[in-house]
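Predicted model, so just to flag it, every value in this text is computed and none were measured.
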Amino acid sequence: MAITAEIEKQFRFEAAHFLPEVPKDHQCHNIHGHSYRLTIRVVGTVDENLGWVMDLAELNKAFAPLAKLLDHSLLNNIEGLQNPTSEMVALWIFRKLEPTLPLISSVTLEATNRVAVTIKKENI
């Protein structure tokens with residue numbers, strides 16, 4: 001009997017951004033920063049020989065180039081993130097990871113400890 005499981009791993013990065021599409025008097029129109037928390041989830045069949053869905057080192061390896069690009073950056077300067085809302089950043093991360101991480105099921109991005117956005121594979 002095949003057993004499926006969802007595993008998740010969290011990453012953190014610091015970045016600044018501004019939202020150019022909001023009115024000039026909106027607080028997010030000005031440059032500000034966040035301590036982002038990213039959760040990457042993968043779903044797959046548990047390999048009963050190895051005992052896991054995938055080696056978590058593969059998640060680290062897949063996210064490492066993005067972490068290097070995102071951490072301590074101005075997100076607006078990254079191609080594809082000219083309007084870096086939480087939704088757009090989460091979607092951008094998902095799309096960048098999907099080719100190298102086919103078991104990815106969702107990413108959740110938290111810009112504050114009270115607000116998070118989740119991008120799921122079925123919504124893409």
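- In this structure, the side chains of Leu70 and Ile93 come closer than 4.5 Å at one or more pairs of heavy atoms.
- Side chain to side chain, Glu14 and Ser35 meet the donor-acceptor criterion of an N or O pair below 3.5 Å.
- Taking the side chain as every heavy atom from C-beta outward, Leu97 and Leu66 approach each other to under 4.5 Å.
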Original post:
Under the side chain to side chain donor-acceptor pair (under 3.5 Å) criterion, do Thr108 and Thr118 qualify, and how do the steps go?
Top reply: CA-CA 4 Å; Thr108 298; Thr118 299; 2.7 Å; yes
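- Note: the hydrophobic cluster containing Ile40 also contains Ile7 (ILVMFWY, side chain heavy atoms under 4.5 Å, direct or indirect links).
- In terms of the side chain to side chain contact (heavy atoms under 4.5 Å, CB included) criterion, residue partners of Asn77 (sequence neighbours excluded) are, by chain and number, Leu74.
- The CG atom of Asp55 sits 8.5 Å away from atom CG of Asn60, with the distance rounded to the nearest 0.5 Å.
- Atom CD1 of Ile104 sits about 12.5 Å away from atom CZ of Arg95, to the nearest 0.5 Å.
- Applying the ring-ring contact (aromatic ring centres under 6.0 Å, His included) test to residues at least two apart or on different chains, the pairs with a partner in residues 61-93 are Phe11-Phe63.
- Under a cut-off of 6.0 angstrom, the local environment of NZ in Lys9 is crowded, with over 12 non-hydrogen atoms contributed by other residues, nucleotides or ligands.
- Here the side chains of Ile119 and Ser106 are not in contact, with every heavy-atom distance at 4.5 Å or above.
- Checking each of Val46, Thr45, Thr4 against Val53 for a side chain to side chain contact (heavy atoms under 4.5 Å, CB included) leaves exactly one that passes, namely Val46.
- The closest side-chain heavy-atom distance from Leu59 to Met54 is below 4.5 Å.
- With contacts defined as side-chain heavy-atom distances shorter than 4.5 Å, the pair His34/Thr112 qualifies.
- Val117 is not connected to Val22 by any chain of hydrophobic side-chain contacts under 4.5 Å among Ile, Leu, Val, Met, Phe, Trp and Tyr, and they are in different clusters.
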Original post:
What's the verdict on side chain to side chain contact (heavy atoms under 4.5 Å, CB included) for Val107 and Thr39, showing C-alpha distance, side-chain angles and the deciding distance?
Top reply: CA-CA 6 Å; Val107 298; Thr39 303; over 6 Å; no
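- In this structure, the side chains of Lys121 and Glu98 come closer than 4.5 Å at one or more pairs of heavy atoms.
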**OP:** Give the C-alpha distance, both sets of side-chain angles, the deciding distance and a yes or no for side chain to side chain contact (heavy atoms under 4.5 Å, CB included) between Gln82 and Asn76.
**Re:** CA-CA 4 Å; Gln82 288 74 25; Asn76 301 71; 5.9 Å; no
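- Here the closest non-hydrogen pair linking Ile78 and Ser73 is CD1-OG, 3.7 Å.
- Cluster membership for Leu75 and Ile31, using ILVMFWY side-chain heavy atoms within less than 4.5 angstrom, is not shared.
- One hydrophobic cluster, built from ILVMFWY side chains closer than 4.5 Å, cannot hold both Trp52 and Val43; they sit in different ones.
- Checked against ring pair (Phe, Tyr, Trp, His ring centres under 6.0 Å), His26 has no partners two or more places apart in sequence or in another chain.
- Judged by distance alone, the side chains of Lys24 and Asn30 never bring a donor and an acceptor atom under 3.5 Å apart.
- Considering only heavy atoms from C-beta on, Glu21 stays 4.5 Å or farther from Leu19 through its side chain.
- Within a 6.0 Å radius of CD in Gln27, other residues, nucleotides and ligands contribute 12 heavy atoms or fewer.
- Considering all non-hydrogen atoms of both residues, Leu81 and Pro84 come closest at O-CD, 3.2 Å.
- Here the shortest heavy-atom pairing between Leu109 and Ser86 reads CD2-O, 3.7 Å.
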**OP:** Show the numbers, then the answer: is there a side chain to side chain contact (heavy atoms under 4.5 Å, CB included) between Tyr36 and His17?
**Re:** CA-CA 12 Å; Tyr36 289 96; His17 74 144; 3.8 Å; yes
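- Scanning both residues, Gly44 and Leu103, for their nearest heavy atoms gives CA-CD2, 4.4 Å.
- Counting only heavy atoms from C-beta outward, the side chains of Ser105 and Val42 never approach each other to under 4.5 Å.
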